[in-house]
Amino acid sequence: MDVVDSDELLRRIQRARACAQQEERAWRTRSVDLRAGDPEGAREAAVRSLAYEAVIRVLDEVLTPGRRAGE
C-alpha cells in the first residue's frame, strides 16, 4: 500500500477535476452534435455530461469548501 502525502493527494484531486472537466465538455459537445440525427444518443450524452458536472461539483467542494454554497 502506498502512502500519499497531502500535496500529492491535492495534485491527484486537481488532475481528476481537470479530467472530469474535459470529459464533461466532450460529452456536452457530443450531445449537441447528435441532436438532429440521433436524439437518443444526444440524451445519453447529455446525461453523461451531467454526471461529470456532478463529479466536478464534488471535487470543487473537496478543493475549496463552501465555494459553491450560494448556488
Side-chain angles (χ1 to χ4, degrees):
M1 180 154 110
D2 289 339
V3 176
V4 178
D5 68 9
S6 61
D7 289 335
E8 177 61 18
L9 182 58
L10 180 61
R11 282 190 292 276
R12 290 180 185 190
I13 293 170
Q14 289 169 334
R15 281 194 308 267
R17 186 185 181 286
C19 179
Q21 280 185 306
Q22 185 177 17
E23 288 294 322
E24 188 270 335
R25 282 191 296 266
W27 283 108
R28 186 175 349 116
T29 298
R30 186 171 181 178
S31 175
V32 169
D33 292 346
L34 291 173
R35 278 190 190 142
D38 183 4
E40 182 62 31
R43 277 190 294 277
E44 180 180 335
V47 168
R48 289 176 187 253
S49 173
L50 290 172
Y52 278 105
E53 186 179 315
V55 169
I56 293 165
R57 286 179 180 266
V58 169
L59 293 176
D60 279 347
E61 185 62 27
V62 170
L63 292 169
T64 52
R67 183 177 130 210
R68 292 183 173 229
E71 291 182 15

Linked, directly or transitively: V62 and L10 (ILVMFWY side chains, under 4.5 Å): yes

Salt bridge R12-E8, side-chain N to carboxylate O under 4.0 Å: yes

Atom pair OG/CZ of S6 and R11 - distance to nearest 0.5 Å: 9.0 Å

Residue pair E61 / G66: nearest heavy atoms and the distance that separates them: OE2-N, 3.1 Å

Nearest-0.5 Å distance that lies between atom CZ in R28 and atom CD in E23: 12.5 Å

Flag, side chain of S49 to backbone of A45, donor-acceptor distance under 3.5 Å: no

A16 to L59 - nearest heavy-atom pair and separation: C-CD1, 3.8 Å

No-hydrogen, no-angle side-chain donor-acceptor test under 3.5 Å, Q21 and R17: yes

Where A46 and S31 come nearest, the two heavy atoms and their spacing: CB-OG, 3.6 Å

Nearest heavy atoms of V4 and L9, plus distance in Å: CG1-N, 3.6 Å

Nearest-0.5 Å distance, CZ of residue R43 to CG of residue L34: 11.0 Å

Heavy-atom closest pair, residues A20 and V55: CB-CG1, 4.0 Å

